[in-house]
Structures are given as structure tokens and as C-alpha cells.
Amino acid sequence: QAYKNLRKIAPELAQRMSKYNGQGEEDINAGIQGYAELEKAVKDAGFKDMPEFVRVNAKIAWAFNYLQGQRGMARFQKMQDIGMREFDKALADPNVPEQTKAELRKGKEKAQTEYAKNKKWADITMKGVRLFSDEKTKGVIERHRKEIESAYTGGLEIPEAEFFGEKLE
């Protein structure tokens, strides 16, 4: 609810605040008033104050990002698997000329090397992100993933992804 409240007031607040540059008493008062409006929006959603909302949001965001990262990595693994199958199919095809197969072998090797290199860095990043969330929070986030995703994206639908005609989820 806090995101909906914030989204409701944000355009008009941003428009109003855009004419201030942070200098002078009028600008400071406008900033204080803007903050009060933001805080009211989160309080109306049940938070004690803005700092509490920010702490809760940070905890949710870390867990959400970790779970989204896991989903993304699973997608990339599936794409890698599909890609390797496609290379193998082309390499096994007797109608593909040997010169083309030589290029396909190079392409397959490069794809494997790049994937391994990128996965290593992704794994390191995921280990770091995992430090900022706990299993209980991740469980709650996973159960409410669609609602949280909608809140973070403003309700934009994320299309299902396909690769070589196969769904990635």
C-alpha cells in the first residue's frame, strides 16, 4: 500500500519540487513540506514513520533482488543449455558443411567460455547479496513475489521469456 500511496502523490510532488534548487528559506520549507507528504503516505500505509519504511523497504529489496537474481541466473543457465543443444544439433546435421561446423565449434567454445566467466562473477555477486537477507524474509518475498514485483515496477507486466521457442521459467 505504501508504494501505491507514494506513486499517487509522486508526480505532483516532483512537479512542485522541480522549481526549487535547495537554496533559501522557501526552498527549505518546500522540502520539509514534501518530506511530510511522503511520510504521511507511508504512515497511511501503516508504517510508524519514514525511517521505518526505509528500513523495511531495504530488507524487502535485498531479499527481492536476491530472488530475482536467482531467477535470472536460472534463466541464463537454461538459455546456455538450449544454446548448447542447438549447437550440437547443427554439428550433428549431415547437411551442414564442414567449414560451417568448424565455425560452429568455435562459437560453441566461445559461448561456453564466456558463460563460465560471467557465471563466476554472478556467483560472487549473489553471495554478497545473500548476506543482506535471511531465509524467513526470502520465504515471505517468494510467496508475495507477484505483488512485490508489481509494486516495484508500478504494475508493469513482465512478459514470459522464451529462447529458441522454449519458455525460460
Side-chain angles (χ1 to χ4, degrees), residues 1-15 18 38 41-42 45-47 52-169:
Q1 185 59 47
Y3 292 106
K4 289 178 184 175
N5 293 352
L6 290 169
R7 223 176 256 106
K8 202 179 294 179
I9 67 166
E12 192 270 329
L13 181 59
Q15 172 109 25
S18 69
L38 294 171
V42 299
F47 290 92
E52 180 183 65
F53 170 75
V54 170
R55 282 190 304 276
V56 170
N57 183 57
K59 189 170 184 169
I60 291 168
W62 279 111
F64 182 75
N65 289 337
Y66 179 77
L67 292 170
Q68 291 293 87
Q70 281 185 317
R71 288 177 66 215
M73 288 179 70
R75 280 180 166 185
F76 285 122
Q77 179 64 59
K78 189 163 185 180
M79 289 170 65
Q80 178 72 4
D81 295 344
I82 293 167
M84 292 303 109
R85 272 198 323 265
E86 292 298 318
F87 273 118
D88 290 341
K89 274 198 276 188
L91 289 167
D93 186 339
N95 297 320
V96 174
E98 190 51 46
Q99 183 179 359
T100 303
K101 286 183 179 184
E103 291 301 313
L104 285 169
R105 285 186 199 93
K106 287 181 196 174
K108 181 179 177 181
E109 184 178 329
K110 183 174 181 178
Q112 288 170 322
T113 301
E114 289 299 312
Y115 180 79
K117 181 176 75 175
N118 292 330
K119 185 166 182 335
K120 177 181 135 188
W121 288 107
D123 287 340
I124 290 168
T125 301
M126 290 298 290
K127 283 180 185 175
V129 172
R130 187 175 55 224
L131 296 174
F132 294 101
S133 58
D134 57 80
E135 292 305 313
K136 183 179 177 184
T137 302
K138 286 187 285 195
V140 171
I141 301 305
E142 189 58 47
R143 285 192 305 278
H144 298 279
R145 183 179 62 78
K146 288 285 189 194
E147 299 98 317
I148 294 167
E149 202 169 70
S150 177
Y152 280 170
T153 63
L156 294 174
E157 285 292 320
I158 298 173
E160 288 200 20
E162 289 187 7
F163 189 65
F164 281 92
E166 290 188 42
K167 288 193 186 310
L168 294 180
E169 293 201 50

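Quantities reported herein were computed from a predicted structural model and do not represent experimental measurements.
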ask   = Around Gln15, counting heavy atoms of other residues, nucleotides and ligands shown, do more than 12 lie under 6.0 Å from its CD?
value = no
query = Which distance, rounded to the nearest 0.5 Å, do you find between the CZ of Phe87 and the CG of Leu104?
reply = 6.5 Å
task = Would you please classify the geometry between the Trp62 ring and the Phe132 ring as parallel, tilted or perpendicular, with 30° and 60° separating the classes?
result = parallel
Side chain to side chain contact (heavy atoms under 4.5 Å, CB included) assessment of Gln70 paired with Met73 = CA-CA 5 Å; Gln70 281 185 317; Met73 288 179 70; 5.9 Å; no
request  = Starting at CD1 of Ile148, measure out to OG1 of Thr153 and round the result to the nearest 0.5 Å.
outcome  = 11.5 Å
message = To the closest 0.5 Å, what do you measure between CG (Leu38) and CZ (Phe53)?
response = 9.5 Å
request  = For the pair Phe163 and Asp81, evaluate side chain to side chain contact (heavy atoms under 4.5 Å, CB included) and give the outcome as yes or no after the intermediate values.
outcome  = CA-CA 10 Å; Phe163 189 65; Asp81 295 344; over 6 Å; no
query = Per the side-chain contact (heavy atoms from CB on, under 4.5 Å) rule, which among Leu6, Val54, Val56, Asn5 passes with Val42?
reply = Leu6
Smallest separation among heavy atoms of Ala2 and Phe47, with atom names = CB-CE1, 3.8 Å
task = Test Glu166 against Arg85 for side chain to side chain contact (heavy atoms under 4.5 Å, CB included), laying out the working first.
result = CA-CA 12 Å; Glu166 290 188 42; Arg85 272 198 323 265; 2.3 Å; yes
remark   = Taking every heavy atom of Thr137 against every heavy atom of Ala63, the minimum-distance pair comes out as CG2-CB, 3.7 Å
task = To the nearest 0.5 Å, tell me how far Asp93 CG sits from Asp88 CG.
result = 12.5 Å
Pair Glu142 + Arg71: basic N to acidic O under 4.0 Å = no
message = So for atom CZ, which belongs to Phe76, do other residues, nucleotides or ligands contribute more than 12 heavy atoms lying within a distance under 6.0 Å?
response = no
task = Please confirm whether the backbone N or O of Leu91 pairs with a side-chain atom of Lys101, one donor and one acceptor, at under 3.5 Å?
result = yes
message = Let me confirm one number: the CZ-CD distance from Arg130 to Glu135, rounded to the nearest 0.5 Å.
response = 8.5 Å
remark   = Closest non-hydrogen atoms of Lys108 and Met84, given as atom of the first, atom of the second and distance, are CG-SD, 3.6 Å
query = Taking atom CD of Glu147 and atom CD1 of Ile141, what is their separation to the nearest 0.5 Å?
reply = 10.0 Å
key: Neighbour count >12 (heavy atoms, 6.0 Å) for atom NZ, Lys59   = no
task = Output yes when Glu109 and Lys106 qualify as a salt bridge under the 4.0 Å nitrogen-oxygen rule, no when they do not.
result = no
message = If the threshold is 4.0 Å, N to carboxylate O, is there a salt bridge linking Asp123 and Lys119?
response = yes
remark   = Taking every heavy atom of Glu52 against every heavy atom of Gly46, the minimum-distance pair comes out as OE1-O, 4.5 Å
request  = Quick one: closest heavy-atom pair of Tyr66 and Ser133, and the distance?
outcome  = CB-OG, 4.3 Å
note = For Glu149 and Phe64, the nearest pair of non-hydrogen atoms, with its separation, is CA-CZ, 3.8 Å
